[in-house]
2 protein chains.
Amino acid sequence: MKDPKATGPQSCEDCPIRHRAVCARCETDELEKLEDIKYYRTFEAGQTVIWAGDPMDFVGSVVSGIATLTQTMEDGRRQMVGLLLPSDFVGRPGRDGAAYDVVATTDLVMCCFRKKPFEKMMMETPHIAQRLLEMTLDELDAAREWMLILGRKTAREKIASLLSIIARRDATLQLAGMRGPLVFDLPLTREAMSDYLGLTLETVSRQMSALKRDGVIELEGKRHVTIPDLPRLLEEAGDDADGGMMA
Amino acid sequence: MKDPKATGPQSCEDCPIRHRAVCARCETDELEKLEDIKYYRTFEAGQTVIWAGDPMDFVGSVVSGIATLTQTMEDGRRQMVGLLLPSDFVGRPGRDGAAYDVVATTDLVMCCFRKKPFEKMMMETPHIAQRLLEMTLDELDAAREWMLILGRKTAREKIASLLSIIARRDATLQLAGMRGPLVFDLPLTREAMSDYLGLTLETVSRQMSALKRDGVIELEGKRHVTIPDLPRLLEEAGDDADGGMMA
DNA sequence: CGACATCTTGACTACAGTCAATACTAGTGG
DNA sequence: CCACTAGTATTGACTGTAGTCAAGATGTCG
């Protein structure tokens with residue numbers, strides 16, 4: 001709770017997401033204008049950032065930590081529709097209410113921009129709109145990949161797909177291009193995984209056990225995962241096991 | 001095949017999608033520049049516009065007709081990830097290959113822009129980038145709504161959801177805000193519906209029959225659908241049956 | 001009419017869901 | 001230190017929804 005990491009950077013120059021977030025293409029003078037309308041907010045693991053339908057007077061970027069976007073039906077069925085990692089953008093310029101529940105699944109730091117001035121800046125600053133377009137197109141691709149997973153994959157393939165997505169993003173973010181077994185901590189509970197994959201938590205648990213039994217993954221505790229053989233995992237996910245990289 | 005409608009408009013001024021497509025915000029001079037790099041292409045129902053992975057030297061808008069975006073796994077499982085109606089945009093500036101199969105499900109007219117000059121124009125013309133961002137955000141919302149359908153709804157709810165989406169779009173496009181029963185022709189085969197919904201075509205057929213038996217829909221032939229009671233259909237879809245409108 | 005697409009219906013199966021008991025872990029307080 | 005609790009995860013037994021395989025109906029076009 002008093003983790004010193006759970007606080008914003010001093011200025012944009014030091015910011016860990018400076019070159020990946022919506023501000024990636026901004027020049028120094030543009031950054032200065034952004035600094036005027038930005039502020040940091042922190043959330044503890046489990047806290048709700050905003051509820052679907054609530055008015056939202058900011059947009060912003062995840063600086064550190066992980067958040068989820070979920071949709072809920074009246075009878076309680078839930079579907080996660082987005083997994084937000086550092087540098088991902090939250091909110092939609094031009095819309096007043098939040099469309100989805102946003103929940104911090106780990107301690108979270110967000111860099112928020114007051115919505116009105118941000119919208120104004122977007123009109124005046126092509127660098128921001130261009131970068132936001134690029135990020136939105138990436139998200140759309142991710143959502144479509146997710147549609148294939150949800151619509152056509154088996155429970156086992158779904159789990160393998162989720163693990164490979166997390167492994168891949170983790171590898172990209174921190175230790176790009178290392179050989180050997182991948183190791184990471186799952187940032188999601190079994191329940192969150194089930195919300196993501198359109199499964200029940202029991203099925204998630206069973207398939208995790210099955211993948212462990214079959215040597216596709218190794219588990220230490222509930223969350224610490226080792227992938228001894230990534231191509232094997234990708235094959236289990238039903239993906240092209242070949243060169244398989246992102247664009 | 002020789003339908004006179006299956007050919008492009010003379011100029012942008014006459015264009016039926018002038019005010020909804022990626023060019024919606026363009027001024028007259030901007031339109032003129034676009035005219036220089038645009039050309040029309042027509043496709044017959046069933047034709048493939050482009051295969052996933054193929055190089056793509058254009059981007060463009062659907063002028064009339066309907067196309068689908070689908071993703072296919074090696075073993076043949078297929079998932080539709082987008083339904084393209086008039087004014088929808090195809091292709092991604094900055095990417096060389098097509099990410100998905102694009103197939104015309106009806107006779108189709110597309111307004112294509114040569115990719116390189118279009119990308120250049122996008123950098124110079126904020127009106128285009130702004131509109132494209134807005135459209136991409138809309139598509140992302142639609143994709144996320146689809147994730148809920150794919151991940152959490154029953155077969156019956158999925159069918160009802162698809163029918164209500166088509167009914168709603170149809171109503172918006174042509175006869176906005178009319179009272180009484182909605183009537184439309186399904187632009188999709190049972191197989192395409194199953195690809196959309198992550199079901200088999202047998203299940204689609206069974207649930208269509210069930211909805212008909214229960215009086216939720218009326219069918220004349222295989223494709224002509226009447227919705228006597230839209231709120232009832234929305235309830236079957238698991239959506240809020242209340243005011244339920246789009247943003 | 002006959003051939004082929006598309007669609008419907010039936011019988012059976014299998015995968016994931018449901019309900020329920022039990023295990024593991026971390027935190028709290030006696 | 002241990003007992004107690006609460007949250008999270010695992011496993012088992014059984015059920016039900018949608019998938020599979022197959023036959024037959026409907027519709028369209030040459």
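Letters A, B, ... are given to chains in the order of the sequence lines, protein chains preceding strands, and every chain is numbered from 1.
Note on B/E236 versus B/R156: salt bridge recorded, some NZ/NE/NH1/NH2 to OD/OE distance being below 4.0 Å. Contact check on B/D101 versus B/R78 returns no salt bridge, with no Lys/Arg side-chain nitrogen under 4.0 Å from an Asp/Glu carboxylate oxygen. A salt bridge links A/D195 with B/R152: at least one charged nitrogen is closer than 4.0 Å to a carboxylate oxygen. Using a cut-off of 4.0 Å between Lys/Arg side-chain N and Asp/Glu carboxylate O, B/K222 and B/D185 are scored as not salt-bridged. Using a cut-off of 4.0 Å between Lys/Arg side-chain N and Asp/Glu carboxylate O, B/R92 and A/D141 are scored as salt-bridged. A/D214 and A/R232 are not joined by a salt bridge, as no carboxylate oxygen comes within less than 4.0 angstrom of a charged side-chain nitrogen.
Nucleotide C/dT25: paired with D/dA6 (Watson-Crick or G-U wobble, both distances less than 3.5 Å).
In this entry the distance linking NZ of B/K153 with P of C/dA16 reads 22 Å, nearest Å. Between A/L211 atom CG and D/dT11 atom P the separation is 13 Å, expressed in whole Å. For the pair B/M193 CE and C/dT6 P, the interatomic distance rounds to 15 Å; values are reported in whole Å.
The side chain of B/R206 contributes no N or O atom lying less than 4.0 Å from OP1 or OP2 of D/dA18. Look at A/R223 and you'll find a side-chain N or O under 4.0 angstrom from OP1 or OP2 of D/dA9. Checking the phosphate oxygens (OP1, OP2) of D/dG7, no side-chain nitrogen or oxygen of A/T189 falls inside 4.0 Å.
Classified by its glycosidic torsion, C/dA5 falls in the syn category, the angle being within 90° of 0.
Contacts between residues 194-204 of chain A and DNA chain D, counted as heavy-atom distances below 4.0 Å, involve A/E202.
For the pair A/G221 and A/T154, nearest-nucleotide mapping onto DNA chain C gives the more 5' position to A/T154.
With hydrogens and angles left out, the side chain of A/R213 and the base of D/dT10 share no donor-acceptor pair within 3.5 Å.
The residue A/S205 sits close to a base: some heavy atom pair falls under 4.0 Å.
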